[in-house]
Amino acid sequence: MGRRALFMAKNKKLVEAITAMDTDFAQWYTDVVKKADLADYSSVKGCMIIRPYGYAIWENIQAELDSRFKATGHENVYMPLFIPESLLNKEKDHVEGFAPEVAWVTHGGEEELTEKLCVRPTSETLFCQHYANIIGSYRDLPKLYNQWANVVRWEKTTRPFLRTTEFLWQEGHTAHATMEEAEEETLRMLNVYADFCQDFLAIPVIKGQKTEKEKFAGAQATYTIESLMHDGQALQSGTSHNFGDNFARAFNIRYLDKDNTHRYVYQTSWGVTTRLIGALIMVHGDDSGLVLPPRVAPIQLVIVPIATHKGGVLEKAQEIFTTLKAKVRVKLDDSDKNPGWKFSEHEMRGVPLRLEIGPRDVENGTVVLVRRDNGEKLTVNIAELAQKVPEILQEIQDGLLAKALKHREEHTSKAYSLAEIKENLDKKPGFVKTMWCGDRACEDQVKEVARASSRCMPFESEHLSDTCAICGKPAKAMVIWGRAY
RNA sequence: CGGAGUGUGGCUCAGUUUGGUAGAGCGCUGCGUUCGGGACGCAGAGGCCCGGGGUUCGAAUCCCCGCACUCCGACCA
């Protein structure tokens, strides 16, 4: 009864099974993951069961990205799950970066292995060894490979999708004849990610370069797309690395050039992970649960028939289902739950559009459409549905991106001192822009005082002042700071 | 890796203080009535009380030792 009362009193919050965002954002996140049937916990810490609905989102992400990778000339391959210890150790910075979080296989059956095998935390070393074998001539270049795989990193703190011990991702690994080509590739793929996030996931991102401190172990340059969650925390949503010839030297990947001299190749790697699902939740979700942008939504429209025992309703619903099936991903929920229950269920799962059809509608030749993003109800003639539904879905897609962008802008500030960075973040968590001298010491200080890290040096940067906001020395770049997941 | 908390039907928990026949709500199954914002009635099914050792006539409850998970801080996609 108390629950019911809450339900009635607070019209905005339609689902009482989910903790309100303002009450406890972390709990809200966990509630959404579970109530939207995205994932379940497993018996191994940090490993989750991705349920059909969550996996369907991942499959949509995969399909779209994969076609964009193919369109830019990449081929898919599959590398082994295991890496011999000696192979992992070949590149010094790389192994040092990953050593603390690798899982090791020491036994095969009852027998102890002569060499430990690492469960891949990433596959640079595997690709490198393979490239050393197959690249001989400039005619073999470039090699543009990608793999869809799982990787394991022994994390201390885990959260579903955001940081799990095992996660799914894609890792692109390419080899080029020149540094210029490698740099071009690195940026090309960063742009693929950025466009994908904005067009498909309706998540606005900031493109930029990581500082020395934050760059990938073994890379010469790391580029990133950074997004801002609803609670003002930053999320690194994808990275693209230019390795230069670091790995090529360590793994002796050389090609014979046109002038008959051996040269090292220049390599890149780039990846996005199931973390993107976490971003979707935290960028678009609300107190009623998940809100999915139509393009990534496994179900774009759900049909809820009302009073199915009355003649004609179910038949009409089925007819509409058949018509719309050709245009959008549609589900007819003809289960014997109550309509109200179904409304809540599909809201929690973030279905962008709901279609209600009851006896009144059948009589009038109309249906009621309800938007998940703003709750708006529209009465539409059945004859117009095939045209209207795609239009409304597009509006929702655009609206979500605009809303997220507005939120990010409202949570982005400028600062001119260390104290101001901290003050801004404490007052209103988000992105803080400052000038920076380029010294690691200043980053460490921001970490210590403001509990924030440098997210990136954005490509689109401004000149805020001549001096570093932290130490006052001449500034070299603008940096965006934030508290990150 | 520190600090705190929690482990009892599928889920959320009560029961533990003070040892004495394992409970509730939700969910699940069947039948019927309902159906425009989480419906209702009746009848059911379902538990090695996290694990291992003690103490006791008797342990979910008391004592040791583990393990797991959650949340908060240092490292990371």
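A, B, ... follow the sequence lines: proteins, then strands. Residue 1 opens every chain.
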When both hydrogen-bonding distances must be under 3.5 Å and the geometry is Watson-Crick or G-U wobble, what is [N] paired with, if anything?
N	result
B:C40	B:G32
B:A4	B:U70
B:C26	B:G10
B:U55	none
B:A77	none

Is A:Trp341 stacked on the base of B:A39, meaning ring centres closer than 5.5 Å and planes within 30 degrees of each other?
no
Look at the side chain of A:Arg354 and the base of B:G37, then say whether one donor and one acceptor between them are separated by less than 3.5 Å.
yes
Between B:G37 and A:Asn338, counting only base atoms on the nucleotide and side-chain atoms on the residue, is there a donor-acceptor pair under 3.5 Å?
no
Salt bridge (charged side-chain N to carboxylate O under 4.0 Å, His left out) filter on A:Asp37, not counting sequence neighbours, yields A:Arg51, A:Arg349
Set of residues satisfying salt bridge (charged side-chain N to carboxylate O under 4.0 Å, His left out) with respect to A:Asp231, sequence neighbours excluded:
none
Please give, in whole Å, the distance from B:A74 P to A:Arg483 CZ?
10 Å
For RNA chain B, the residues among residues 368-380 of chain A that have a non-hydrogen atom under 4.0 Å from it
A:Val368, A:Lys377
Between A:Lys337 and B:C28, is there a contact of a side-chain N or O with OP1 or OP2 at under 4.0 Å?
yes
Could you tell me if [Y] and [X] have a donor-acceptor pair between their side chains, going purely by distance under 3.5 Å?
X	Y	value
A:Arg295	A:Asn60	no
A:Thr211	A:Ser454	yes
A:His173	A:Asn146	no

Does the plane of the ring in A:Phe25 sit parallel, tilted or perpendicular to the ring in A:His230? Use 30° and 60° as the thresholds.
parallel
